[in-house]
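Okay, structure first, notes after.
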Amino acid sequence: MQLNFAWANIQPTYLRTEYKVNPFVEESKPRLSWELQGKGFNKSQMAYQVLVASTEALLKKNQGDLWDSKKVTSNQTNQIEYSGKLLKSGQRVFWKVRAWDEKDRAGDWSEIQYWELAKPNPDDWKAKWVGIDLNHLAKPGEYHLPPSPYIRKQANLKKKVKSARLYISSLGLHNFYINGNKVGEDFFASGWTDYNKRVYYNVYDVSEYLNSGENTFGAILSSGWYAGYLGYALLVGSPQVHQFYGKFPLLKAQIDILYEDGTKEEVITDSSWKTGTGAILESDFLEGEKHDATKEPIGWNKVGFDDSSWANIQEFPDRKGQLIELYPSNPVRILQELRAKSVKKIAEGKYIIDFGQNFAGNIRLRISGSKGDSLQFRYGEMLFPDGKLMTDNLRKARATDTYILNGSKNEEWSPSFTFHGFQFVEVSGLKEEPNKDFLTGLVLSSDLDQVGQFHSDNSMLNQLYSNILWTQKANYLDIPTDCPQRDERLGWTGDAQIYMRSAIFNADVAPFHKKWIQDLNDAQWSNGAFPIYAPMPVNNQGEAAIRASDAFSPGWSEAGIICTYEYFKAYNDLRIVRKSLPYMNKFMAFLKARTKGSVLREGSFEDVNPKGGFGDWLSVGEKTSPDLLATTYYFYCNKLMAQMCRAIGNMRLAHDYEKESHAVKLGFKKHYMDQDGKLKTNAAFYGNGEGYVEGQNGFSGHTQTAYANALYSGILDEEDANLAGKYLRDLLEANGNKLSTGFLGFKPLLPALTASGSSDMAYELLQSTEYPSLGYEVVNGATSIWERWDSFTKDKGFVHNAAMNSFSHYAFGSVNEWMFEHLLGIRAKENGYQEVYIQPEIGDFGMKSASGSFRSMSGNIKSAWTKSDKEIVQEIEIPVNVKAVCIINSENTQNIIVNGEPVDRNNLVLSVKKLNGQIMVELGSGKYEIKTKI
Ligand code: RAM
């Protein structure tokens with residue numbers, strides 16, 4: 001019998017390539033990562049060895065014919081670049097890794113994983129773009145919605161198929177079928193990009209779908225973001241309201257087949273494919289889908305269908321400058337199916353279905369009825385007090401689906417090319433009382449793993465956390481949107497940048513933001529400004545096509561720096577920094593050109609609409625000078641740029657940005673601060689404020705938002721920061737301990753309070769259930785984060801409807817950052833969370849316990865605490881290879897017991913330091929219980 005000492009060693013698990021498990025990739029040098037498992041304490045990786053082989057068999061014999069990294073002395077488990085032989089398109093390779101622990105003991109090999117190189121070379125594509133213009137079939141009316149083209153091809157495969165891959169891209173949306181089976185479970189491929197620059201494709205293993213002999217390939221196309229309605233173009237009366245990138249959808253698909261005998265064959269889209277129409281009469285994200293099941297050409301996507309009446313499809317040339325690349329994100333999928341909570345009749349044949357939860361997605365209908373029966377579905381987030389559906393806040397989004405029954409038994413349907421943001425569905429046209437399960441809710445979102453957990457003894461807060469998660473899911477749908485319901489659904493950059501760190505704590509957004517940061521860079525204006533939303537469709541004059549005045553704004557455009565920075569911090573990803581650097585430099589130059597003496601003075605952004613940009617959007621009460629805010633952002637961006645440049649070894653640039661940040665700091669103090677350290681602005685400059693957001697209220701520098709941003713950005717020296725902390729607190733107290741912040745002010749508010757010693761106030765704001773607060777939303781019934789603190793109130797109803805009143809807006813969910821970093825106290829010390837701080841703010845702040853975890857790039861970090869009158873008990877879990885500094889408020893080390901032993905006589909503890917009333921306890925991996933007497 002072999003003795004097993006594996007418990008003493010460390011074991012790599014969760015092997016990923018480019019942040020994904022067993023993916024298709026395009027990178028010739030993809031980056032590998034793993035987590036480490038190991039029992040006991042203070043375990044770390046001293047060295048690793050990666051083997052990559054062309055077959056699993058070789059790898060089982062420990063032979064890495066493609067790459068043997070040999071034993072590499074390093075504690076890195078992430079961003080390990082494959083440095084082996086050049087791989088060929090379509091090549092699948094297998095890999096495994098083992099690690100040596102801190103005592104240089106080798107652990108077992110991990111299990112075997114793989115990646116497959118997709119089609120990095122455009123020459124590998126033989127397929128042609130195909131499509132057909134069906135715009136003449138669109139019914140005249142307010143919305144121009146053509147039917148979906150159906151396309152098909154029958155092909156004879158003469159030999160036995162060993163394996164096959166489908167490479168597929170569309171300008172617009174597609175469903176693809178082989179022999180009647182839908183390929184994959186993804187929705188809305190190929191996503192939204194700046195199609196003039198870049199279009200994505202996906203790859204599927206379709207070996208199982210093919211037979212030798214006759215096979216049929218079919219697709220249904222839809223306009224999607226490419227040719228459908230976008231944003232508020234209709235609402236604001238833009239000259240162009242749809243077809244922003246092209247007039248009708250196109251498809252490019254290639255099936256690469258490998259036969260058992262080693263020969264190859266391809267089936268490609270070209271003009272030999274046939275096209276007709278079918279059941280999908282209309283489909284659009286904003287307007288909805290109409291499906292007439294009586295019109296479905298039975299068997300159209302199977303062998304034997306007579307397509308002699310179908311036309312030949314047209315071929316279209318590749319567009320110049322349009323890259324075709326592998327979709328970097330995870331696809332949109334159904335994450336969950338919700339049962340109805342109630343079905344209520346409101347009129348003859350008309351019912352309201354309540355799913356009990358605000359979400360983005362679709363419905364699944366299961367019904368038996370008569371041929372030609374027509375059901376209409378309308379979607380809403382809320383009901384009016386009389387029980388009717390509230391759709392005022394959808395503005396010009398018609399959000400209506402229609403299904404016409406074909407009369408077969410147990411018909412099942414759900415829309416393919418639309419989604420809605422809703423909790424309630426109004427169904428009309430029902431002939432009989434439906435059973436409760438005739439309709440289910442399909443939760444759609446980019447399929448990202450949840451990495452965060454949060455729970456506390458405050459049930460309102462637990463609901464709030466649930467609301468944050470749901471709202472993130474509803475708006476992380478291919479791109480990060482402001483909202484999923486009304487005629488907007490745009491990748492608003494301000495919302496994305498304030499929320500980015502919050503998002504990282506909740507879900508593994510690495511694949512998702514790899515895509516969107518590219519979208520953002522692609523959308524950079526020629527003057528260097530990043531836009532206010534991305535992707536950004538542009539008209540022939542080079543202006544925003546959805547609304548010509550949509551350009552740039554302080555607090556929004558900085559997403560181009562901040563999102564890349566957050567990504568780099570969370571995942572220790574330098575490649576994204578290198579890739580974004582030219583765009584970021586250009587943007588910083590754009591800002592610099594607007595400064596005078598490194599300060600963005602009053603009026604620096606008068607040329608945009610609204611003047612000064614959006615400022616502290618949706619703030620309540622006092623208004624902060626947008627230029628003062630722009631200067632704190634400018635400082636912050638210089639600081640982040642310096643850090644990123646240093647990390648990639650560009651010391652000259654790092655130095656330049658450091659120098660500039662220093663100059664901004666001095667300039668800010670001189671221009672925006674009085675002798676008492678109070679922030680000020682030249683209010684007279686703004687005159688009557690015309691053209692500015694709520695400019696009639698006048699602007700000030702002495703606001704919660706101004707101090708919160710100044711403190712968060714680090715623009716103040718220590719003395720001024722102390723004063724700012726005091727002023728911030730004073731302002732809150734003078735306001736009855738209530739916030740007055742908007743989008744830009746709320747995100748840094750709680751962190752700034754904690755940084756300036758006012759965690760008590762941060763807790764008070766977080767736990768408040770009075771207007772304005774997130775708790776107020778919860779007590780008014782919210783299951784998601786609302787655009788406004790009072791989007792709905794039980795006593796006043798809807799006060800903001802019609803104009804801007806989304807019930808699914810993640811922006812104010814940015815409080816999540818504070819909940820993870822300061823309530824649970826999990827903060828990165830080093831990029832990628834290889835070193836962390838554990839520093840929960842614990843006091844007499846109205847809460848007795850909280851627990852949560854964050855599965856970081858370096859493994860799962862857990863922090864929990866309970867507080868009684870006598871002691872605080874913390875439970876902490878640190879993954880292998882991670883070091884934590886636990887910062888505990890206590891004067892005396894004798895008050896602290898770690899796993900039953902006093903902290904200063906404890907073998908498990910790496911070090912103990914005292915500093916200003918705090919004890920720093922350094923811990924390696926393991927599970928700890930820390931008791932602190934109070
Ligand atoms: C609104 C959007 C978004 C915000 C902009 C300024 O219409 O919903 O949240 O960033 O305006």
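Read the numbers this way: they start at 1 and go in the same order the structure lists the ligands and their atoms. Every heavy atom of this structure was used, including side-chain atoms; hydrogens, water molecules and symmetry mates were not.
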Between Tyr476 and Asn330: side-chain donor-acceptor atoms closer than 3.5 Å: no
Atoms of ligand 1, numbered as shown, that sit under 4.0 Å from any heavy atom of Glu787: 8 (O)
Trp516 and His513 aromatic ring geometry - parallel, tilted or perpendicular at 30°/60° bounds: perpendicular
Under 3.5 Å: N/O of Trp492 near N/O of ligand 1: no
Backbone N/O of Leu394 and side chain of Thr391: donor-acceptor pair under 3.5 Å: no
Under 4.0 Å to a heavy atom of Phe743 - the qualifying atoms of ligand 1, by number: 9 (O)
Protein heavy-atom partner closest to atom 3 (C) of ligand 1 - residue, atom, separation in Å: Asp495 OD2, 3.5 Å
Contact check, Tyr533 vs ligand 1, heavy-atom distance below 4.0 Å: no
Minimum-distance protein heavy atom relative to atom 8 (O) of ligand 1: Asp482 OD2, 2.7 Å
Side chain, backbone, both or neither: Arg486 near ligand 1, heavy atoms under 4.0 Å: side chain
Sub-3.5 Å N/O-N/O distance, Tyr232 and ligand 1: no
Candidates Phe419, Tyr379, Phe422 - the one meeting ring pair (Phe, Tyr, Trp, His ring centres under 6.0 Å) with Phe359: Phe422
Closest protein heavy atom (residue, atom, distance) for atom 1 (C) of ligand 1: Glu488 OE2, 3.3 Å
Taking every non-hydrogen atom, the tightest pair across Asn539 and Ala545: N-CB, 3.7 Å
Option passing side-chain hydrogen bond (donor to acceptor under 3.5 Å, both in side chains) with Tyr499 (candidates Lys747, Glu566, Gln472): Gln472
Geometric class of the Trp556/Phe614 ring pair [parallel <30°, tilted 30-60°, perpendicular >60°]: tilted
